[in-house]
Amino acid sequence: MRRTLRWTLTLAVLIGTAGAGSASMSAATAADTDIKDRILAIKGMSFIKEKKVDGYRFFILNYEQPVDHRHPEKGTFKQRISLLHKDENRPTVFFTSGYDLNEEPSRSEPTQMTDGNQVSMEYRFFSPSRPDPADWSKLDIWQAASDQHRIFKALNKIYGKHWVSTGGSKGGMTATYYRRFYPKDMNGTVAYVAPNDVNNDEDSAYYDFFEKVGSDKCRDRLNAAQHEIFERRGEMVKKLKALAKKENYTFKLAGSADKAFELVAQDLVWGFWQYHLEPEECDKVPSTKAKTQELWDWGNEIGGWEAGADQGIEPYTPYYYQAGTQMGSPDYESPLLDDVRKYPGLNKPRTYVPRDIPMKFDSKAMKDVDNWVRTRSSQMLFVNGQNDPWSAEPFRVGKGTEDAHVYKAPGANHGASIALLSKKDRAAATSALLKWAGVEPADGAQPKRLTKYDSDLDRPAERDRMMRP
């Protein structure tokens with residue numbers, strides 16, 4: 001999800017791996033060949049590195065993709081993927097973060113639960129998986145879904161058992177969009193905390209959320225601390241300028257240090273609910289009588305003051321571009337800051353994208369996805385957090401869908417998971433996932449996770465202080 005911004009198509013050209021040559025195809029499917037050699041025999045696949053992992057083999061690879069899947073003859077780029085290999089006879093989980101690629105081996109919750117392989121994809125246009133020169137008009141949800149489709153088609157020759165796609169936040173959105181355009185690739189999808197901004201001009205759900213989330217006491221304390229930070233704007237901006245001088249930060253995109261301060265400060269309450277928990281962490285929120293340094297430090301922990309600088313924004317340009325062209329963004333501005341806000345309307349996608357990159361919003365893109373999810377989707381599982389702002393506008397399923405489910409984890413934030421669901425919902429979600437992965441228990445046995453906890457592979461990823469989906 002994004003640090004300071006609350007954001008945070010259908011003529012398919014199938015680009016397969018046909019034409020790789022009979023020798024390469026044979027090598028890629030020969031069971032007695034080393035798995036690394038079989039993978040590298042796939043046309044367009046190249047090796048970056050391998051890391052040792054107990055019980056697995058972990059590869060980081062490049063896969064050559066068309067810049068434009070509708071016109072593959074117009075150039076290619078190298079897209080990074082990783083592969084956590086367990087066994088060709090196990091199911092495979094296709095994980096997407098929606099952002100860049102984590103180079104450290106890890107297992108998503110569906111991978112842990114199914115004891116499967118895991119393929120992870122770096123989203124197109126996140127560095128280094130960016131065409132050069134970059135034609136930003138080729139960054140859309142259909143092109144990204146087509147990236148996944150080609151990767152699946154290439155690796156399915158080796159990993160021929162069931163596949164399940166997954167991802168959290170923008171990764172959950174990505175997994176959902178992929179199923180919209182290629183519904184038959186996966187046997188199932190688990191999308192965590194995936195926002196669904198169907199109407200980009202309608203944000204009332206977020207205003208309702210912040211009026212009701214948590215306890216009155218916690219909301220009051222958070223709102224008071226945020227307002228006090230704005231009241232001390234002069235001192236805060238002075239500190240931000242000093243930090244910028246020390247770290248060589250610049251503010252060309254935001255426009256000034258004062259605007260960069262406001263971008264971060266107006267999202268602090270959002271950021272608390274996104275990544276922190278009530279009641280234990282509410283007690284750590286500073287009072288209005290706290291010293292300026294204490295308020296500054298708390299704001300830095302929640303939002304990261306560097307997030308308003310060019311250096312904090314630029315790595316996420318692809319996200320902001322998509323928020324402003326297709327995915328939409330919740331343009332929530334707390335009414336409690338109306339008396340101290342100087343730049344209403346600043347916190348929008350256009351602020352975060354260099355002006356030489358054109359942007360035009362397509363209001364039909366999310367409506368198309370939403371309609372498919374509500375009326376035609378199948379084997380879909382959405383997991384949301386009760387206290388997560390991004391779950392205020394969730395995906396919904398209805399008449400016409402098949403084996404599709406939406407669950408809410410009580411008290412959970414943006415880290416909601418199947419493990420945090422109520423006992424009844426957890427059992428139902430686990431049963432559905434194992435069935436889709438082809439590893440459901442026999443003879444009516446209780447469905448349960450198929451691996452033991454691994455402190456290296458199952459540890460939570462290092463959390464960036466960001467308020468993007």
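Residue indices begin at 1 and follow the sequence shown.
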Next item on the list: Measure the spacing between CD1 of Ile60 and CG of Leu84 and express it to the nearest 0.5 Å.
Entry: 11.0 Å

Margin query: Just checking Lys408: does its NZ atom have more than 12 heavy atoms from other residues, nucleotides or ligands closer to it than 6.0 angstrom?
Written below: no

Margin query: Could you check whether Asp338 pairs with Arg341 (Lys NZ or Arg NE/NH1/NH2 to Asp/Glu carboxylate O, under 4.0 Å)?
Written below: yes

Notebook entry, point to check: Hey, would you say the Trp273 and Phe209 ring centroids sit under 6.0 Å apart?
Noted result: no

Margin query: So His405 and Phe382, do their side chains get closer than 4.5 Å, heavy atoms only?
Written below: no

Margin query: Under the rule for side chain to side chain contact (heavy atoms under 4.5 Å, CB included), what residues qualify as partners of Glu73, not counting sequence neighbours?
Written below: His71

Note to self: Tell me if the centroids of the rings in Tyr206 and Trp270 come within less than 6.0 Å of each other.
What the structure shows: yes

Note to self: Could you work out, with side-chain hydrogen bond (donor to acceptor under 3.5 Å, both in side chains) as the rule, every residue matching Lys259, not counting sequence neighbours?
What the structure shows: none

Margin query: Within the 3.5 Å criterion, strictly below it, is a donor on Arg107 or Gln118 matched to an acceptor on the partner's side chain?
Written below: no

Notebook entry, point to check: Is the shortest heavy-atom distance from the side chain of Thr189 to the side chain of Gln379 under 4.5 Å?
Noted result: no

Check: Is there side-chain contact between Val369 and Phe395, with heavy atoms separated by less than 4.5 Å?
Finding: yes

Check: Between atom CD of Gln65 and atom CG of Asp147, what is the distance when rounded to the nearest 0.5 Å?
Finding: 4.0 Å

Check: Side-chain contact, heavy-atom cut-off 4.5 Å: Arg219 with Val213?
Finding: yes

Item checked: Short N-O contact, Arg232 and Glu228, less than 4.0 angstrom -> yes

Item checked: Sequence neighbours excluded - disulfide (SG to SG under 2.5 Å) pairs with any residue from residues 226-284 -> Cys218-Cys282

Margin query: Can you confirm whether the side chains of Tyr123 and Gln322 place a donor and an acceptor under 3.5 Å from each other?
Written below: yes

Checklist line | Validation row: Asp368, Arg180 side chains within 4.5 angstrom (heavy atoms) | finding: yes

Next item on the list: List the atom of Thr96, the atom of Gln148, and the distance in Å for their closest heavy-atom pair.
Entry: CG2-NE2, 3.5 Å

Checklist line | Reported CG-to-OG1 distance for the pair Leu421 and Thr430, which is rounded to 0.5 angstrom | finding: 8.0 Å

Margin query: Between Asn200 and Phe361, is the side-chain contact (heavy atoms from CB on, under 4.5 Å) condition met? List the steps.
Written below: CA-CA 10 Å; Asn200 196 38; Phe361 190 72; 3.8 Å; yes

Checklist line | Contact summary for Ile81 and Ile151, nearest pair of heavy atoms | finding: CG2-CD1, 3.6 Å

Note to self: For Lys238, give me all partners under side chain to side chain contact (heavy atoms under 4.5 Å, CB included), at least two apart in sequence or on another chain.
What the structure shows: none

Check: Can you check side-chain contact (heavy atoms from CB on, under 4.5 Å) on Asp68 and Gln143, steps first, answer last?
Finding: CA-CA 7 Å; Asp68 183 354; Gln143 296 283 1; 2.9 Å; yes

Item checked: Sequence-distant partners of Glu202, side chain to side chain contact (heavy atoms under 4.5 Å, CB included), two or more places apart -> Asn199, Ser204

Margin query: For a quick check under 3.5 Å, do Asp185 and His149 share a side-chain donor-acceptor pair by atom type?
Written below: yes

Note to self: Please identify which of these residues, Arg80, Lys78, Gln79, meets the side-chain hydrogen bond (donor to acceptor under 3.5 Å, both in side chains) condition with Glu122.
What the structure shows: Arg80

Next item on the list: Ignoring hydrogens and angles, state whether a donor on the side chain of Tyr192 or Ser108 is under 3.5 Å from an acceptor on the partner side chain.
Entry: no

Item checked: Results of ring pair (Phe, Tyr, Trp, His ring centres under 6.0 Å) for Phe59 - residues two or more places apart only -> none

Next item on the list: Find out whether Tyr352 and Tyr321 are in side-chain contact, i.e. whether some heavy atom of one side chain is under 4.5 Å from a heavy atom of the other.
Entry: no

Note to self: Among Tyr343, Phe230, Phe251, exactly one meets ring pair (Phe, Tyr, Trp, His ring centres under 6.0 Å) together with Phe261. Which residue is that?
What the structure shows: Phe230

Notebook entry, point to check: Looking at residues at least two apart in the chain, or sitting in another chain, which of them share a salt bridge (charged side-chain N to carboxylate O under 4.0 Å, His left out) with Arg221?
Noted result: none

Item checked: Smallest separation among heavy atoms of Arg233 and Val340, with atom names -> NH2-O, 3.1 Å

Margin query: Give me the atom names and distance for the closest heavy-atom approach of Leu101 to Ser120.
Written below: CD1-O, 3.7 Å

Next item on the list: May I ask you to check if Arg70 and Trp142 form a cation-pi contact, with NZ or CZ under 6.0 angstrom from the six-membered ring centre and within 45° of the axis?
Entry: yes

Item checked: Spacing of Ile302 atom CD1 and Gln226 atom CD [to the nearest 0.5 Å] -> 10.5 Å

Notebook entry, point to check: How about Trp436 and Trp163: are their ring centres within less than 6.0 Å of each other?
Noted result: no

Checklist line | Leu295 vs Glu235, side-chain contact (heavy atoms from CB on, under 4.5 Å): CA-CA, chis, key distance, verdict | finding: CA-CA 11 Å; Leu295 287 162; Glu235 296 174 83; over 6 Å; no

Check: Under a 4.0 Å N-O cut-off, is there an ion pair linking Asp370 with Arg374?
Finding: yes

Notebook entry, point to check: Is the closest basic N to carboxylate O distance between Lys217 and Asp220 below 4.0 Å?
Noted result: no

Next item on the list: Using side chain to side chain contact (heavy atoms under 4.5 Å, CB included) as the criterion, list what pairs up with Asn384, not counting sequence neighbours.
Entry: Ser391, Pro394, Val406

Check: Hey, is Glu301 close enough to Lys284 for a salt bridge, meaning N to O under 4.0 Å?
Finding: no

Next item on the list: Using salt bridge (charged side-chain N to carboxylate O under 4.0 Å, His left out) as the criterion, list what pairs up with Lys246, not counting sequence neighbours.
Entry: none

Next item on the list: Could you grab the distance from atom CG of Leu381 to atom CD1 of Ile418, nearest 0.5 Å is fine?
Entry: 5.5 Å

Item checked: Plane angle bin for Tyr316 and Tyr320 - parallel if under 30°, tilted between 30 and 60°, otherwise perpendicular -> perpendicular

Next item on the list: For Phe126, check ring pair (Phe, Tyr, Trp, His ring centres under 6.0 Å) against everything at least two apart and list the hits.
Entry: Tyr99

Check: At what distance, to the nearest 0.5 angstrom, does OG of Ser129 lie from CG of Asn62?
Finding: 7.0 Å

Next item on the list: Can you see which heavy atom on Pro410 is nearest to which on Ser422, and at what distance?
Entry: CD-N, 4.2 Å

Checklist line | For Arg376, all residues meeting side-chain hydrogen bond (donor to acceptor under 3.5 Å, both in side chains), sequence neighbours excluded | finding: none

Next item on the list: Flag the pair Lys51 / Glu104 as yes when at least one side-chain heavy-atom distance between them is below 4.5 Å, and no otherwise.
Entry: yes

Next item on the list: For residues Thr114 and Val164, determine if any side-chain heavy atom of one lies less than 4.5 Å from a side-chain heavy atom of the other.
Entry: no

Next item on the list: Check side-chain hydrogen bond (donor to acceptor under 3.5 Å, both in side chains) between Asp310 and all other residues, then give those that pass, not counting sequence neighbours.
Entry: Thr250

Next item on the list: Determine the minimum heavy-atom distance between Gly98 and Lys170, stating which atoms define it.
Entry: O-NZ, 2.6 Å

Item checked: Salt bridge present between Asp135 and Lys138 (N-O < 4.0 angstrom) -> yes

